[in-house]
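What follows is a set of notes on a single structure, which appears directly below.
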Number of protein chains: 2
Amino acid sequence: MSEAAAEVVRAMIVDGRLAGGERINEVRLSGELGLSRTPLREALSGLVAEGALIARPRLGFFVAPLSLNEFEQLYDIRPLLDPEALRLAGVPDAKSLARLERLDHQIATAHLGEHAITLDDEWHFALIEACPNKVLLELIASIMRRTRRYELALMRETEHVHRANAEHARIMAALRARDLDGACAALKRNMQSGKVPIVAWLKARDVARKVGKWG
Amino acid sequence: MSEAAAEVVRAMIVDGRLAGGERINEVRLSGELGLSRTPLREALSGLVAEGALIARPRLGFFVAPLSLNEFEQLYDIRPLLDPEALRLAGVPDAKSLARLERLDHQIATAHLGEHAITLDDEWHFALIEACPNKVLLELIASIMRRTRRYELALMRETEHVHRANAEHARIMAALRARDLDGACAALKRNMQSGKVPIVAWLKARDVARKVGKWG
DNA sequence: TGATTGCATACTGTATACAGTACGCCGCAT
DNA sequence: ATGCGGCGTACTGTATACAGTATGCAATCA
């Protein structure tokens, strides 16, 4: 039950119903979710560990604000982890390659940006799911969760969706040629390029904030 | 208060007072710690997120058992993260280098194994503390916390302490020569070598377990 | 008029009470 | 003797009540 609550609250944060910096009113939120404060607080504590919330003693829980620094630092970690996971996983078998192709096709035809982001994460996870290091996979998944907020926020405000199909294609081509090193290198570049548009948006947004303060 | 409880319970797990696989009796433990179940449960939930505990619905919290698989996977991640953190941090300044030397000296003369382990972690953290990517540092710190259980358990059972001073010396030499790449490479080797004795011990231990089951 | 202090309110953090469930034990039947 | 079923106990999960504190507002004084 508190696990379900964590799921719901995480979704509320990720999709922006709970805005960055907002203070969480436990009494009201527990009422809205139809449970009492105790399990809600356990869920919120878990989200603190995930980095989605910040707990300030005597003040309660706050939604972690979107921070350019945090985002850049998070995104700089994936180029370290994903290529290594792919290297450990090896070239996917025919079945997995087919699944990756299907996902790519779905991404290309996805109309909703949110859906495209989910599919992109699925694609990256399918790429490395054979990796025997499950701790590494869990780490990657947790970073995916933490960055999804940023990707969704960008999408909501700009309608821009980062179409990575060309990069996916390069990775797939290397895999079909059984060139694991080449695929890892292409994956690393793919991870690095995803960062650019969001950083640009966050910087513009921060500037807008400052102007807002002056005005 | 629940934060303090988390600290205490974490220490109890790390130093073995709460053994791997053990079930946690919330009522008794809350009594021992002098608080009520509510804040204790929040602390335990946090430890679940850290990987120190496992929550099984309707059964409560269990201390995560020592697992050869988890340990190998955790330790295989540090050679990815630490060298990159060092690369981003750059060659430490003179003051930091002096501190690293002091720590090395303390490690060499440390008689208690537990103290040596703490000092080794301190050394590795001091090495990369200038890294601007704080998320990466936090990740490394969390992996340190998760592996410390294993290192302490090994130490308790075998009195063996992995003396990494020779490897530290190689890293320091490279840094003094301002050879960042060389230092990163040496650090990577250092991270990989730390794994060996503990893996050997865990394997022997698992075999002993099986024999125990037969006997 | 502006600043400061006291107060009221609302919210967090903790304790406790209660309900529901898992597990062990004893009795019974085969 | 062994397997099975019912029961009691103990523990988890949730709700709620209470205490302590932060915050906003108003009133008073400079």
Side-chain angles (χ1 to χ4, degrees), chain A residues 1-14 16-67 149 209 212-213, chain B residues 1-14 16-67 149 209 212-213:
Chain A
M1 184 166 184
S2 99
E3 192 177 339
E7 193 89 18
V8 173
V9 176
R10 195 193 344 259
M12 292 177 74
I13 295 169
V14 165
R17 272 172 293 172
L18 290 171
E22 187 174 335
R23 181 174 176 171
I24 287 186
N25 185 321
E26 298 174 9
V27 176
R28 193 177 60 204
L29 185 55
S30 66
E32 288 171 11
L33 298 181
L35 40 72
S36 80
R37 282 179 58 215
T38 308
L40 174 62
R41 280 178 61 86
E42 289 195 2
L44 297 179
S45 299
L47 293 174
V48 169
E50 287 180 21
L53 294 177
I54 296 171
R56 293 174 54 185
R58 300 281 165 205
L59 294 180
F61 296 92
F62 293 75
V63 179
L66 295 179
S67 140
R149 283 178 73 196
R209 280 274 171 88
K213 269 187 188 171
Chain B
M1 184 168 185
S2 98
E3 193 178 338
E7 193 89 18
V8 173
V9 175
R10 195 192 344 260
M12 291 177 75
I13 294 170
V14 166
R17 272 173 292 172
L18 289 171
E22 187 174 337
R23 180 175 178 171
I24 287 186
N25 186 323
E26 298 174 9
V27 176
R28 195 177 59 206
L29 186 55
S30 67
E32 288 171 11
L33 298 181
L35 38 73
S36 80
R37 282 180 58 215
T38 308
L40 174 61
R41 280 178 61 86
E42 289 196 2
L44 296 179
S45 299
L47 293 174
V48 168
E50 288 180 21
L53 294 177
I54 296 172
R56 292 173 54 185
R58 300 280 166 207
L59 295 179
F61 297 92
F62 293 75
V63 179
L66 295 180
S67 142
R149 283 179 72 198
R209 279 275 170 88
K213 271 187 185 169

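Just so it is clear, the structure is predicted and the values come from calculations on it, not from any experiment. Atoms considered below: every heavy atom in the structure, side chains included; atoms not considered: hydrogens, waters and symmetry mates. Numbered from 1 within each chain, the chains take letters A, B, ... in sequence-line order.
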Side chain of [X] only, heavy atoms from C-beta on: which candidate in [options] is closest?
| X | options | result |
| --- | --- | --- |
| B:E26 | C:dA15, D:dT14, D:dG13 | D:dG13 |
| A:R23 | D:dT12, C:dC11, C:dG13 | C:dC11 |
| B:R41 | C:dA15, D:dT12, D:dT16 | D:dT12 |
| A:S36 | C:dG13, C:dA15, D:dA15 | D:dA15 |

Whether the side chain of B:R10 engages the backbone of B:A5 through a donor-acceptor N/O pair (distance < 3.5 Å, no angle test) should be reported.
no
Please answer whether the main-chain N or O of A:P65 pairs with a side-chain N or O of A:R149 as donor and acceptor at a distance below 3.5 Å.
no
Taking atom [atom2] of [N] as reference, at what distance in whole Å does atom [atom1] of [X] sit?
| X | N | atom1 | atom2 | answer |
| --- | --- | --- | --- | --- |
| B:L33 | C:dA15 | CG | P | 11 Å |
| B:R56 | C:dA22 | CZ | P | 12 Å |
| A:F61 | C:dT12 | CZ | C1' | 9 Å |
| A:N25 | C:dT9 | CG | P | 17 Å |
| A:L40 | D:dG13 | CG | C1' | 15 Å |
| B:L59 | C:dG20 | CG | C1' | 13 Å |
| B:E42 | D:dG13 | CD | P | 14 Å |
| A:M1 | C:dG20 | CE | P | 13 Å |

Position toward the 5' end of DNA chain D (nearest nucleotide), B:I24 or A:P39:
B:I24
Of B:R58 and A:R37, the one whose closest DNA chain D nucleotide lies more 5'
B:R58
Taken to the nearest 0.5 Å, the spacing of B:R41 CZ from B:F61 CZ works out to 5.0 Å
Taking all non-hydrogen atoms of both residues, which atom of A:A6 and which atom of A:A43 are closest, and how far apart?
N-CB, 3.6 Å
Considering all heavy atoms of both residues, which atom of A:M1 and which atom of A:L35 are nearest to each other, and what is their separation?
CE-CB, 3.5 Å
Classify the side chain of A:S2 versus the base of D:dT14 as yes if they form a donor-acceptor pair under 3.5 Å and no if they do not.
no
